[in-house]
Amino acid sequence: MIHPKQIRTRFAPSPTGMMHIGNLRTALYEFLVARSENGKFILRIEDTDRGRLVEGSVDVIFRTLKDVGLSHDEGPDIGGGFGPYIQSMRKDIYAPYAHQLVKEGKAYYCFCTRERLDSLRNASSDPDISNAGYDRHCRNLTSSDIQTRIDSCEPFVIRQKMPLSGHTTFTDAVFGEITVDNNELEDQILLKSDGFPTYNFANVIDDHLMDITHVVRGSEYLSSTPKYNLLYEAFGWEIPEYVHLPLIMGRNEDGSVSKLSKRHGATGFDDLVRDGYLKEAIINYIALLGWCPADNTEIMSVRDMISKFRISGISKSPAVFDYDKLRWFNSEYIKALPHEDFCEMIRNYLESVNTSGALNTSMIAELIQTRISQLTEVPEMISFFRDLPEYSTDLFEHKKMKTTQQLSLLHLQEILPSLESLNDWSLTSIHDFLISYALKKEIKNGQIMWPIRTALSGQPSSPGGAVELMHILGKSESVRRIEKAIILLDNTITE
RNA sequence: GGCCCUAUGGUCAAGCGGUCAAGACGCCGCCCUCUCAAGGCGGAAUCAGGAGUUCGAUUCUCCUUAGGGUCACCA
């Protein structure tokens, strides 16, 4: 289908706290739908629910979009030809539209109290009763009745009259044709008693006024889309293209799945960053939750996504958020980082371990760059450089290295003096020295490497082997740790 | 419960009437190797079930089953 008009999509979050991963992914797809066709991506803040506003969350939205590279063309901060872009600042726009529909007989005043609505809901737990929620009690009030109640300041809402029969059909770009019976549709509230529009209403008005061509959102809106369309039709406006996205699911403890939410763990963008995931990895991973490029590329920048994106690549079935795969993406991004950038990223960690100032932190960084999947793993991985942990001499026994505690003790004792007199403490020098020792003694390299590496790290495994660790730790610290190992081994064996 | 949607390995998924049913994560094995990683190679594992349509169904239709979403003066 050819669109003569330029594509315009919008991200319309409510400032109610953190940036949920599902929202971010929606924003990404909205961005991609527009940018892949040279369209415009608009940011609009939907703050019609005064009760749920959270201080500072608008800034979170700005910052997150910026962090992941989703730049908008119009929005509260940069303006545009369709402002204002914050719904609370548009408050006066909506009411006239609602009243227009009342005048045209397509909407009506409703004076029902919350108490009445609540009792209605409780009473209709009966299965075979009408499905359409509200019982349309005020739909046919006489005009004089309405006037007296308004005059006496009775609070009211404005509801839209839904057709009592027939059905509504629309075509979604990813789910195809969907039909719903009109008698399933409630007489929806357009204007709340506080004068603010409901989300649905404001959404339609703004999307129309802002010339939005493609409404991209989660598939949880699929079943309420007919209501939107009835609104567009009531006004005689052109209905936008719909692009509903498959839901992102989280795995529950019992193995079932449901819409990704807090109980599934870190689901906010900031949470994930705090957990040591790179921004690029996060956006890359969630891009693939429900979309697959034609060439099956996995590692992609937002820039790459723009050129590869096609709506036809969006899938219909929900996708389970997989932290393992996210970790993999993250480790790929970490490995691809330029050395300097990686050092800078983990600088605090490196400094906390280098209290003496003597360690070669650049080399430590190099060693761990291929060994971590999350930045948060760094402290534990490098802490031994600063403080040799308490360890058991059992560590010196290694079947594959063919080492025992006795042999370890023997070789450590034997090599220590000449090690102390080794002047050139470069990697190659240390390496050659150890190898020649093994050669001379006619033992496997591992039989000398393993005891040293163990003595230096006090751990069953470490980033880097004996040579690297000795080099980083320096001669005096290396010797000190080997001496300690000798004492430990000696004590254990003679016991 | 009503309505709507979905259904390829454990997970993300390619496929769009004829394929030995891609690839990735994870898992397992081997190689490399001074530990652990990284890297290389290989392996196990999928079309929910049943009717049709068709010469032929993973692919089209229907039913069943399972899962999900939605039923607010929330967005």
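In what follows, chains carry the letters A, B, and so on, assigned in the order in which the sequence lines appear, proteins first and then strands, with residues in each chain numbered from 1.
With B:C5, B:A7, B:C3 as the candidates, the nucleotide lying closest to the side chain of A:E184 is B:C3.
The partner of B:U35 cannot be assigned: no Watson-Crick or G-U wobble pair with both contacts below 3.5 Å exists in any strand. The nucleotide B:G67 finds its pairing partner in B:C5, both defining distances of the Watson-Crick or G-U wobble pair being shorter than 3.5 Å. Across all strands shown, B:G26 has no partner, as no Watson-Crick or G-U wobble contact with both distances under 3.5 Å is found. The partner of B:C20 is absent, by the rule that a Watson-Crick or G-U pair needs both atom distances under 3.5 Å. Look at B:A57: it lacks any Watson-Crick or wobble partner with both distances under 3.5 angstrom. In this entry B:C62 has B:G50 as its Watson-Crick or G-U wobble partner, both defining distances falling under 3.5 Å.
The CD1-P distance, from A:I299 to B:A13, rounds to 16 Å in whole Å. Rounded to whole Å, the distance from CG on A:D181 to P on B:C71 is 18 Å. In this structure, A:N183 atom CG and B:C4 atom C1' are separated by 14 Å, rounded to whole Å. B:A14 atom P lies 11 Å from atom CZ of A:R310, rounded to whole Å.
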Output a table of donor-acceptor pairs, distance under 3.5 Å, between side-chain atoms of residues 364-372 of chain A and any protein atom two or more places apart or on a different chain; print 'none' if there are none.
residue: A:Q369; atom: NE2; partner: A:I334; partner atom: O; Å: 2.9
residue: A:Q369; atom: NE2; partner: A:L337; partner atom: O; Å: 2.8
residue: A:R371; atom: NE; partner: A:L367; partner atom: O; Å: 2.5

Ignoring hydrogens and angles, write down the donor-acceptor pairs under 3.5 Å from the side chains of residues 287-299 of chain A, residues two or more places apart or on other chains.
residue: A:D295; atom: OD1; partner: A:T297; partner atom: N; Å: 3.1
residue: A:D295; atom: OD1; partner: A:T297; partner atom: OG1; Å: 2.7
residue: A:D295; atom: OD2; partner: A:T297; partner atom: OG1; Å: 3.0
residue: A:D295; atom: OD2; partner: A:K308; partner atom: NZ; Å: 2.6
residue: A:E298; atom: OE2; partner: A:K325; partner atom: NZ; Å: 3.0

Can you give each donor-acceptor pair under 3.5 Å made by side-chain atoms of residues 108-115 of chain A, sequence neighbours left out, with the distance rounded to 0.1 Å?
residue: A:Y108; atom: OH; partner: A:D187; partner atom: OD2; Å: 2.7
residue: A:T113; atom: OG1; partner: A:R116; partner atom: N; Å: 3.1

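Applying the side chain to side chain donor-acceptor pair (under 3.5 Å) test to every pair with at least one member in residues 247-261 of chain A, sequence neighbours left out, gives these pairs: A:N252-A:S256, A:N252-A:S258, A:N252-A:R263, A:N252-A:H264, A:D254-A:S256, A:S258-A:R263. Pairs passing the side chain to side chain donor-acceptor pair (under 3.5 Å) check and including a residue from residues 156-178 of chain A, sequence neighbours excluded, read A:Q160-A:Q188, A:T168-A:N182, A:T169-A:T179, A:D172-A:H244. Note on residues 372-381 of chain A: pairs passing salt bridge (Lys or Arg N to Asp or Glu O under 4.0 Å), not counting sequence neighbours, are A:R327-A:E377.
Within the 4.0 angstrom heavy-atom criterion, no nucleotide atom of any strand lies near A:S331. A:S315 comes within contact range of the sugar-phosphate backbone alone, with a heavy-atom separation under 4.0 Å but no base atom that close. At a threshold of 4.0 angstrom between heavy atoms, the contacts of A:R251 are confined to the sugar-phosphate backbone, with no base atom among them.
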Please list each protein N or O that sits under 3.5 Å from an N or O in nucleotides 39-44 of chain B, with the distance.
residue: B:G39; atom: OP1; partner: A:K335; partner atom: NZ; Å: 3.1

Contact list (N/O, under 3.5 angstrom) for nucleotides 58-68 of chain B vs protein:
residue: B:G68; atom: OP1; partner: A:V257; partner atom: O; Å: 3.0

Got a list of protein N/O to nucleotides 72-75 of chain B N/O distances below 3.5 Å?
residue: B:C73; atom: O2'; partner: A:R114; partner atom: NH1; Å: 3.3
residue: B:C73; atom: O2'; partner: A:R114; partner atom: NH2; Å: 3.2
residue: B:C73; atom: O2; partner: A:S193; partner atom: N; Å: 2.8
residue: B:C73; atom: O2; partner: A:S193; partner atom: OG; Å: 2.8
residue: B:C73; atom: N3; partner: A:S193; partner atom: OG; Å: 3.0
residue: B:C73; atom: N4; partner: A:C112; partner atom: O; Å: 3.3
residue: B:C74; atom: OP2; partner: A:K192; partner atom: NZ; Å: 2.8
residue: B:C74; atom: O2'; partner: A:D49; partner atom: OD2; Å: 2.9
residue: B:C74; atom: O2; partner: A:R52; partner atom: NH1; Å: 3.3
residue: B:A75; atom: OP1; partner: A:T48; partner atom: OG1; Å: 3.1
residue: B:A75; atom: OP1; partner: A:D49; partner atom: N; Å: 3.4
residue: B:A75; atom: OP1; partner: A:K192; partner atom: NZ; Å: 2.7
residue: B:A75; atom: OP2; partner: A:Y199; partner atom: N; Å: 3.1
residue: B:A75; atom: O3'; partner: A:S14; partner atom: OG; Å: 2.2
residue: B:A75; atom: O2'; partner: A:S14; partner atom: OG; Å: 2.8
residue: B:A75; atom: N3; partner: A:Y221; partner atom: OH; Å: 3.1

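Ion pair A:R44/A:D207 flagged as a salt bridge, since at least one NZ, NE, NH1 or NH2 atom sits closer than 4.0 Å to an Asp/Glu carboxylate oxygen.
Distance check on atom C1': B:A57 versus B:G50 gives 15 Å, rounded to whole Å.
Judged by distance alone, with hydrogens and angles left aside, the side-chain atoms of A:D47 form a donor-acceptor pair with the main-chain N or O of A:S88 at under 3.5 Å. The backbone N or O of A:L222 sits nowhere less than 3.5 Å from a side-chain atom of A:S219 that would complete a donor-acceptor pair.
Residues satisfying the side-chain contact (heavy atoms from CB on, under 4.5 Å) test with A:V58, not counting sequence neighbours, are A:P15, A:I45, A:F62. Here A:S317 pairs with nothing under the side-chain contact (heavy atoms from CB on, under 4.5 Å) rule; sequence neighbours left out.
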**Fill in**
Scoring nucleotides 21-35 of chain B by protein non-hydrogen atoms under 4.0 Å (B base, S sugar-phosphate only, - none) yields -B-BS-------BBB
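Environment of CE in A:M363: crowded, with over 12 heavy atoms of neighbouring residues, nucleotides or ligands closer than 6.0 Å.
A:F321 and A:Y285 have their aromatic ring centers within a separation under 6.0 angstrom.
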